[in-house]
Amino acid sequence: IFIPLAALLLLIVFNFIADPSFFAITLKENSLGDLVLTGNLITILDNASELVILAIGMTLVTAASGGQDISVGSAIAIAGSVVLRVLCGTNSRPDTLQAPILVAFLACCVVSMLFGAFNGTLVAVFKIQPMVATLILYTAGRSIAAWINNNELPMISDPSFAYYGNFLPGVAVPTPIFIAVICMILAWALLRFTNIGLYSQAVGINASAARLNGIHPQFVKFLTYVILGLCVAVAGFIKVSRFSTINYSVVAKDIEMDAILAVALGGNALSGGKFNIWASVLGAYVIQFLTTTLFKFNVVSSALPAYKAVVVIILVVVVMMTAAAVSVVVIVIMVVVMMVLVLLILIIVVILIVMMAAGADAVLIVMMMVVMMLFLLVLVGALLVGLGRHGDQLGLEVVLGGHGLQDLLTGQSVPCGGDDGGGGVFLAQQGHSGGDLLLRGGLGAAEDDAACVADLVVVELAEVLH
């Protein structure tokens with residue numbers, strides 16, 4: 001969770017220096033005459049709601065399947081189209097709602113979960129790479145959404161529907177913030193009172209070892225895609241409620257990339273395995289913080305992907321640092337390098353602000369920023385790689401019954417009861433994601449009939465020395 005916290009801190013410091021009024025929150029009347037909270041921080045919390053909800057489901061999918069669902073944007077269009085179809089009926093401009101809002105929401109949940117099940121089946125049963133499997137719905141989803149409403153753009157005039165994407169009467173805080181909090185509470189309960197988190201992590205690290213421990217990898221992967229489908233339904237409901245209509249080609253455009261970036265920014269391995277769902281949530285807020293900051297300084301929307309690309313580059317360098325697993329001396333050097341990097345970034349930002357104030361072309365500013373950041377980060381990355389290769393390296397040794405890590409890595413059986421042969425036998429299997437090691441326990445022939453069985457043990461290693 002260090003990465004999103006550091007990014008958030010940098011954004012806070014930058015905005016505080018550039019414009020302290022960025023953090024101002026005021027109470028104003030909206031178009032309906034109600035007093036509501038306004039300000040950049042409220043905007044960030046409000047506009048990030050859909051991305052936060054998607055990040056929860058995307059994290060589980062990434063952890064279990066080792067891939068990402070790139071169809072969530074198109075699936076949101078489908079979910080929103082279903083909501084409007086149910087509420088409007090056969091008339092695209094009804095004077096009153098043709099069905100209860102709850103019924104429309106449940107309908108979009110069912111449809112979205114079915115599409116999630118479709119993606120999950122392709123990935124879990126047919127073993128298609130997740131990005132390729134979800135490319136089908138990514139391509140066809142918006143056309144399906146338009147087909148649901150006969151290529152019309154339905155519009156709802158009933159103000160009660162807009163409550164869920166804007167403000168409830170008499171409530172000063174945007175409703176999507178409450179919905180996002182409810183989803184986070186439900187996610188906490190799901191991880192706290194079920195084993196879906198443990199199973200997703202185990203399947204993502206080593207599906208074969210998980211199967212040997214009684215876990216059904218195909219079902220776990222399938223279930224995570226269905227859960228993501230439910231998250232898509234909630235996000236789609238909020239999206240169409242904001243405007244009481246839909247534009248199939250624009251709604252939730254590129255939100256799938258932001259959701260994937262939120263997962264990566266949270267420090268989660270995109271190849272699957274261990275995950276931190278709250279770091280992904282924080283990463284979603286960081287992305288929206290960055291977007292709001294750029295809009296605050298009049299950066300055109302078409303230039304936003306370039307800035308997000310810079311974030312990805314920084315993220316890659318940080319991951320390289322984390323994977324280096326070097327000695328204390330090298331760690332100190334890396335900290336110094338990071339401090340210098342932050343200082344240089346601030347200098348670049350100051351230069352760009354001066355250029356903006358001088359009226360320089362926005363496209364030229366973006367290009368200069370990307371080039372300068374690329375050059376700077378390549379140098380730093382090369383330095384860190386060199387440190388990682390030539391520095392003193394650290395290993396984490398696991399001792400079981402007097403046997404060391406090297407015995408496990410070579411596939412040697414290790415008696416868990418010690419060298420006397422008592423107890424069970426641990427068999428080591430190297431996971432596919434770097435330093436993850438799965439240990440599988442089996443029954444041994446102990447003289448005292450004591451059985452030592454390990455269900456599933458995950459040992460996280462900074463780096464394994466061979």
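If you read the sequence from its start, that first residue is 1, and numbering goes on from there.
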Requested in this report: Compare every heavy atom of Gly267 with every heavy atom of Ile3, then report the nearest pair and how far apart it is.
Outcome: CD1-CA, 4.3 Å
Query raised in the report: If you count the non-hydrogen atoms of other residues, nucleotides and ligands that lie under 6.0 Å from CZ in Phe219, is the total more than 12?
Result: no
Query raised in the report: Considering residues at least two apart in sequence or located in another chain, which fulfil the ring-ring contact (aromatic ring centres under 6.0 Å, His included) criterion with Phe22?
Result: Phe289
Query raised in the report: Would Ile76 and Leu54 satisfy side-chain contact (heavy atoms from CB on, under 4.5 Å), going step by step from the backbone distance to the final call?
Result: CA-CA 10 Å; Ile76 284 178; Leu54 286 180; 3.7 Å; yes
Requested in this report: Evaluate side-chain hydrogen bond (donor to acceptor under 3.5 Å, both in side chains) for Thr26 paired with Thr38, printing each intermediate quantity in order.
Outcome: CA-CA 5 Å; Thr26 58; Thr38 61; 2.8 Å; yes
Report summary line: The reported gap from CG in Asn40 to OG1 in Thr293 (rounded to nearest 0.5 angstrom) is 7.5 Å
Query raised in the report: Looking only at atom types and distance, does a side-chain atom of Arg142 sit under 3.5 Å from a main-chain N or O of Tyr248, one as donor and one as acceptor?
Result: yes
Requested in this report: Give a yes-or-no answer on whether the side chains of Thr43 and Thr292 include a donor-acceptor pair shorter than 3.5 Å.
Outcome: no
Report task. Flag the pair Ile53 / Ile238 as yes when at least one side-chain heavy-atom distance between them is below 4.5 Å, and no otherwise. Result -> yes
Query - Side-chain donor/acceptor of Asp254 to backbone N/O of Met257, under 3.5 Å - result: no
Requested in this report: Check the pair Met58, Asp69 against side-chain contact (heavy atoms from CB on, under 4.5 Å), reporting the backbone distance first and the verdict last.
Outcome: CA-CA 7 Å; Met58 188 69 76; Asp69 185 344; 4.3 Å; yes
Query - Pair Ser249-Asn247, side-chain hydrogen bond (donor to acceptor under 3.5 Å, both in side chains): steps then yes or no - result: CA-CA 6 Å; Ser249 61; Asn247 188 326; 3.1 Å; yes
Requested in this report: State whether the side chain of Arg93 and the backbone N or O of Leu153 hold a donor-acceptor pair below 3.5 Å, judged by distance alone.
Outcome: yes
Query - By salt bridge (charged side-chain N to carboxylate O under 4.0 Å, His left out) - contacts of Lys296 (at least two apart) - result: Asp19
I'd like a table of donor-acceptor pairs (distance under 3.5 Å, sequence neighbours excluded) in which one partner is a side-chain atom from residues 182-193, with atom names and distances.
none

Query raised in the report: Ignoring hydrogens and geometry, is there a side-chain-to-backbone donor-acceptor pair from Asn206 to Ser208 under 3.5 Å?
Result: yes
Requested in this report: Could you check if a side-chain atom of Asn166 sits within less than 4.5 angstrom of a side-chain atom of Thr175, using non-hydrogen atoms only?
Outcome: no
**Report entry** Least distance between heavy atoms, Ser49 atom then Pro176 atom
**Finding:** OG-O, 3.1 Å
Query raised in the report: About how many Å separate CG of Asn119 and OG1 of Thr224, when rounded to the nearest 0.5 Å?
Result: 10.5 Å
Report summary line: Contacts satisfying salt bridge (charged side-chain N to carboxylate O under 4.0 Å, His left out) that involve residues 22-48 (not counting sequence neighbours) are Asp46-Arg242
Query - Shortest non-hydrogen contact between Ile101 and Tyr164, atoms and distance - result: CD1-CE1, 3.7 Å
**Report entry** Residue pair Phe243, Val251: steps toward the side-chain contact (heavy atoms from CB on, under 4.5 Å) verdict
**Finding:** CA-CA 10 Å; Phe243 306 103; Val251 62; over 6 Å; no
Query raised in the report: Would a 4.5 Å heavy-atom cut-off, applied to side chains only, mark Leu265 and Val286 as touching?
Result: yes
Query - Closest heavy-atom pair and its distance - Gln288, Ala48 - result: CB-CB, 3.6 Å
Query raised in the report: Are Val61 and Ile227 close enough that some pair of their side-chain heavy atoms sits under 4.5 Å apart?
Result: no
Requested in this report: Check whether any side-chain heavy atom of His216 sits under 4.5 Å from a side-chain heavy atom of Arg211, and report yes or no.
Outcome: no
Query raised in the report: Counting only N and O atoms by type, is there a donor-acceptor contact under 3.5 Å from the side chain of Asn150 to the main-chain atoms of Glu152?
Result: no
**Report entry** Note, Cys88 side chain near Ile156 side chain (heavy atom, < 4.5 Å)
**Finding:** yes
Give the table of side-chain donor-acceptor pairs shorter than 3.5 Å for residues 275-285, with sequence neighbours excluded, one pair per line with atom names and distance.
| residue | atom | partner | partner atom | Å |
| --- | --- | --- | --- | --- |
| Asn276 | OD1 | Trp278 | N | 3.1 |
| Asn276 | OD1 | Ala279 | N | 3.2 |
| Ser280 | OG | Thr59 | OG1 | 2.8 |
| Ser280 | OG | Asn268 | ND2 | 2.7 |

Query raised in the report: Are any of the side-chain heavy atoms of Tyr199 and Leu223 separated by less than 4.5 Å?
Result: no
Query raised in the report: Would the number of heavy atoms belonging to other residues, nucleotides or ligands and lying under 6.0 Å from CZ of Phe105 be above 12?
Result: yes
Requested in this report: Can you measure from CD1 (Ile42) to CG (Leu37) and round to the nearest 0.5 angstrom?
Outcome: 5.0 Å
Query - Close side-chain approach of Tyr225 and Thr134, heavy atoms under 4.5 Å - result: yes
**Report entry** Pairs involving residues 113-161, ordered by first then second residue, that meet ring pair (Phe, Tyr, Trp, His ring centres under 6.0 Å) (sequence neighbours left out)
**Finding:** Phe161-Phe237
Requested in this report: Identify the two heavy atoms, one from Asn149 and one from Leu84, that lie closest to each other, and give their separation to 0.1 Å.
Outcome: OD1-C, 4.3 Å
Query raised in the report: CD1 of Ile260 to CD1 of Ile255: how many Å apart, nearest 0.5 Å?
Result: 11.5 Å
Query raised in the report: Under the side-chain contact (heavy atoms from CB on, under 4.5 Å) criterion, do Gln68 and Glu256 qualify, and how do the steps go?
Result: CA-CA 9 Å; Gln68 293 73 46; Glu256 57 273 354; over 6 Å; no
Query raised in the report: Rounded to the nearest 0.5 Å, how far does OG of Ser92 lie from CZ of Arg85?
Result: 9.5 Å
Report task. Would you name the heavy atoms of Ser244 and Ala162 that are closest together and state the gap between them? Result -> OG-CB, 3.9 Å
Report task. Examine Phe297 together with Phe14 and report whether their ring centres are nearer than 6.0 Å. Result -> yes
**Report entry** Separation of Leu137 CG from Ile144 CD1 (nearest 0.5 Å)
**Finding:** 6.0 Å
Query raised in the report: Do Ser200 side-chain atoms and Ile196 backbone N/O form a donor-acceptor pair below 3.5 Å?
Result: yes
